[in-house]
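Some notes on the structure that comes next.
Whatever order the structure lists ligands and atoms in, that order sets their numbers, starting from 1.
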Amino acid sequence: MSHSKGKLYVISGPSGTGKGTICAELLKDINNEFSVSMTTRAPREGEVHGREYYFVSREEFLENVEKGNFLEHATVFDNFYGTPKDMVIKRLERGRNVILDIDVQGGLNVKASMPDAVLIFILPPSLAELRKRLIGRNTESPEIVEKRLSKALNEIKFIGEYDYYIVNDDIETAVSKAKAILIAETCEVPDKVRPIIRKYEQEQEKGE
Ligand code: ADP
Ligand code: 5GP
């Protein structure tokens, strides 16, 4: 039973909950690759084009939508974000795990088009702690911080659609849990073996 294809992992959760921090730890394993999204958001200090995101104009983004280049795309906090399709498919075919850090709308769209995707939701220990982290990160204006916080509960309401959840209280524990999920997923019996078993069952039923 060989697993020739990699697995697709979606990491979602409210802004500031620790998705990026957890992803960075998972990406230390060379089998895991990050899917760099395209966005119309302005780069934050220290962000590099092609590493955190492909930073593009609205026109360029919409051209990519028209060409069908996205696996999914969504408007998040007034900006466009999209997952480039080809890159994800090629890496999975090469047997690499691909990690998407995308919002809940994106996660659900990915699950609909790629049902084997594994969806992981990262929760903050509390909304008060989420606020502290978003303010402490110091990457957004107070107005945008409030906008992001006001969306947190709406996102959390979708947790039932996800396969796993992790409360990111202590970062080391949260990272260990994320790694454990990735390991457990490699032990899953793939659905494609079921037709093979069925073939032998049918043979036995016929008494051959
Ligand atoms: P997201 O990618 O979900 O928006 P980040 O990974 O950027 O969130 O984390 C937001 C802020 O919270 C960062 O400054 C990060 O260092 C910090 N952080 C992440 N996890 C924890 C944790 N478990 N405890 C305290 N601070 C954390
Ligand atoms: P940020 O601006 O903080 O980098 O990201 C804002 C939100 O957009 C986060 O919830 C992040 O997961 C989400 N996001 C990033 N890239 C994509 C993407 O390609 N598609 C979707 N749907 N959401 C994304």
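- Under 4.0 Å from ligand 2, the heavy atoms of Arg44 that appear belong solely to its side chain.
- Residue contacts with ligand 1 do not include Gly136, since none of its heavy atoms lies under 4.0 Å from the ligand.
- In this structure, Phe70 has no heavy atom closer than 4.0 Å to ligand 2.
- When only interatomic distances are considered, the shortest N/O to N/O separation between Glu72 and ligand 2 falls below 3.5 Å.
- Listed by number with element, the atoms of ligand 2 under 4.0 Å from a non-hydrogen atom of Gly82 are 18 (C), 19 (O).
- The single protein non-hydrogen atom nearest to atom 4 (O) of ligand 2 is Tyr53 OH, 2.5 Å, given as residue, atom name and distance.
- When the heavy atoms of Thr139, Val76, Thr39 are ranked by distance to atom 8 (O) of ligand 2, first place goes to Val76.
- Put simply, the side chain of Arg96 never gets that close to the backbone of Arg91: no donor and acceptor are under 3.5 Å apart.
- Ring geometry for His49 versus Phe55: interplanar angle of 30 to 60°, hence tilted.
- Between atom 11 (C) of ligand 2 and the options Val10, Leu108, Asp101, the minimum heavy-atom separation is to Asp101.
- Protein heavy atom in closest approach to atom 22 (N) of ligand 2: Asp103 OD1, 2.7 Å.
- Which of Asp101, Asn168, Ile135 comes nearest to atom 20 (N) of ligand 1 through a heavy atom is settled by distance: it is Asn168.
- The N/O atoms of Phe77, backbone and side chain alike, include none that comes under 3.5 Å of an N/O atom in ligand 2.
- The protein atom (non-hydrogen) at minimum distance from atom 19 (C) of ligand 1 is Thr21 OG1, 3.6 Å.
- Among protein heavy atoms, atom 8 (O) of ligand 1 sits closest to Gly18 N, 3.1 Å.
- Judged by distance alone, the side chain of Thr17 and the main-chain N or O of Gly13 form no donor-acceptor pair under 3.5 Å.
- Between the side chains of Glu72 and Tyr81, no donor N or O sits under 3.5 Å from an acceptor N or O.
- Looking from atom 2 (O) of ligand 1 to the surrounding protein, the closest heavy atom is Gly20 N, 2.8 Å.
- Closest protein heavy atom to atom 6 (C) of ligand 2: Tyr81 OH, 3.6 Å.
- Of the N or O atoms in Arg137, none lie within a sub-3.5 Å distance of an N or O in ligand 2.
- With Lys7 contributing its side chain and Ala117 its backbone, the two residues share no donor-acceptor pair below 3.5 Å.
- Among the atoms of His73, none of the N or O lies under 3.5 angstrom from an N or O of ligand 2.
- Here the protein heavy atom with the shortest distance to atom 24 (N) of ligand 1 is Arg133 NH2, 3.2 Å.
- Of all atoms in ligand 2, listed by their number and element, those nearer than 4.0 Å to a heavy atom of Ala74 are 22 (N).
- At a 4.0 Å heavy-atom cut-off, ligand 2 touches Arg148 through the side chain alone.
- Here the protein heavy atom with the shortest distance to atom 19 (O) of ligand 2 is Ser37 OG, 2.6 Å.
- Which of Glu140, Arg148, Arg137 comes nearest to atom 13 (C) of ligand 1 through a heavy atom is settled by distance: it is Arg137.
- Regarding atom 10 (C) of ligand 1, its nearest protein heavy-atom neighbour is Gly16 O, 3.5 Å.
- Which parts of ligand 1 touch Lys19 is read off a 4.0 Å heavy-atom cut-off, strictly below it: atoms 1 (P), 2 (O), 3 (O), 4 (O), 6 (O), 8 (O).
- Contact annotation for Lys19 and ligand 2: only side-chain heavy atoms (C-beta onward) come within less than 4.0 Å of the ligand.
- Contact annotation: for Arg41 versus ligand 2, heavy atoms closer than 4.0 Å belong to the side chain alone.
- Remark: Arg58 is positioned above the aromatic ring of Phe80, its terminal NZ or CZ atom under 6.0 angstrom from the ring centre and at most 45 degrees off the axis.
- Judged by distance alone, with hydrogens and angles left aside, the side-chain atoms of Lys19 form a donor-acceptor pair with the main-chain N or O of Pro14 at under 3.5 Å.
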